[in-house]
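To keep things clear, I will list the structure first and then write my remarks on it.
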Amino acid sequence: MINWNLDYKMIDIHTHMGPEYPIYYPEHDADSMVRYMDECGVELIVSAPCEDLFVTGSVRRDITTAMRTYPDRIKGYFAFNPNTGATVQEMEKAFAENPGYVGLKFLPDYHRTNITDPSYADALAFANERKLIVLSHTWGLSMNAEQCNSAEKIRQIVETYPDLKFIMGHSIQGQSDIAIKIAKDYENAYLDLCDTGRFNGIIEKMVAAVGAQKVLYATDAPMQGYRFIQGAVLAADITDAEKKLIFRDNALRLLNMEDK
Ligand SMILES: [Zn+2]
């Protein structure tokens, strides 16, 4: 019997905001996302809006406004696109002006640039020095057969930058067994359940191999709903304490936040 009534709220470490090109979902703005979070028992999200990821030249208006309007509900990733770049000074200024920023967001496949390319080096060093989170899209083989963010490249990054906290977005789907190995081998590498959590048995496999403290609730909301991955975790054959780590406690630790 699945217990859907948790006595704590969840934290979703991997979300977006705003419209995206192939999908229509009207409730994509900060106000409607917070309403939807309330419905689904989510206290806090960390978000990288589509306007910063897919628009040429990052806009950063959605996220900075959302973080100011909902400081206890929405934190942000500074989206780094290697094609347009951002200097260390620009990142320093953005983080100083917006205390809600907790890390960087990379989309190497979409930006068609290997994560090991020198154009990422300054951003990675910036995150490493400040012990920030880096949430990167990671995937074994992308649609055009490129491997901009596949397992061996991710291994190199977590090895080279031991002080940043690297969240493997989608847990390197297609190479998830290697992602699990990387999370086991490297203190700073974390597994992210966004989409990949739907595979039957994978949550149990991750928890058995690396421990629930390295596994994170993550959804891609608002493109996908909070409930999708919630169902996968709630139905997984792991303990309630392990579920709480995945849904909440691990994110609090990564965000350097105390529980209330
Ligand atoms: Zn995503």
Side-chain angles (χ1 to χ4, degrees), residues 10-25 27-30 33 36-37 40 42 44-55 58-60 62-63 66-67 74-83 101-113 115 120 123 127 132-143 146-150 153-154 157 165-176 179 189-199 202 215-230 232-233 246-247 250-251 254-255:
M10 302 178 209
I11 300 173
D12 185 344
I13 203 86
H14 180 163
T15 70
H16 301 285
M17 189 180 294
E20 197 203 3
Y21 53 93
I23 319 170
Y24 178 63
Y25 45 97
E27 302 208 308
H28 55 66
D29 60 287
M33 284 186 75
Y36 185 37
M37 289 159 65
C40 299
V42 176
L44 176 69
I45 59 171
V46 191
S47 177
C50 296
E51 68 175 6
D52 300 335
L53 296 168
F54 300 117
V55 177
S58 294
V59 182
R60 313 194 197 283
D62 281 353
I63 192 59
M67 293 190 298
I74 301 177
K75 296 198 179 289
Y77 293 111
F78 181 96
F80 179 85
N81 178 345
N83 300 303
Y101 273 134
V102 297
L104 306 180
K105 166 75 183 181
F106 296 167
L107 276 185
D109 265 345
Y110 292 79
H111 295 144
R112 303 193 70 180
T113 309
I115 192 168
Y120 278 108
L132 299 175
I133 299 172
V134 172
L135 168 62
S136 179
H137 176 86
T138 64
W139 207 271
L141 191 67
S142 54
M143 279 187 286
E146 288 172 325
Q147 291 187 292
C148 295
N149 34 234
S150 55
K153 296 196 174 85
I154 301 308
I157 296 297
K165 303 161 191 165
F166 195 91
I167 301 177
M168 297 181 274
H170 314 291
S171 296
I172 325 186
Q173 198 171 120
Q175 294 182 307
S176 289
Y190 292 82
L191 296 160
D192 161 321
L193 293 177
C194 186
D195 191 59
T196 298
R198 69 188 153 88
F199 294 113
I202 197 159
V215 184
L216 298 162
Y217 169 58
T219 67
D220 258 351
M223 299 134 183
Q224 307 219 50
Y226 299 112
R227 300 283 197 207
F228 179 26
I229 296 301
Q230 282 180 8
V233 177
I246 294 171
F247 276 138
N250 295 337
L254 280 174
L255 295 165

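Read the numbers this way: they start at 1 and go in the same order the structure lists the ligands and their atoms.
To the nearest 0.5 Å, the span separating CD1 on I172 from NE2 on H137 amounts to 10.5 Å.
Relative orientation of the Y36 and Y226 rings is tilted, given thresholds of 30° and 60° on the angle between their planes.
Contact of the L255 side chain with the I11 side chain is registered, since non-hydrogen atoms from C-beta on lie closer than 4.5 Å. Contact annotation: the side chain of P108 approaches that of S136 to within less than 4.5 Å [non-hydrogen atoms, C-beta and beyond]. Counting heavy atoms from C-beta outward, F80 and V134 have side chains that stay 4.5 Å or more apart.
The only option from I74, V42, I45 that meets the side-chain contact (heavy atoms from CB on, under 4.5 Å) definition with M33 turns out to be I45.
Listed by chain and number, the protein N, O or S atoms at a distance under 2.8 Å from the Zn ion (ligand 1) are H14 NE2, H16 NE2, D220 OD1.
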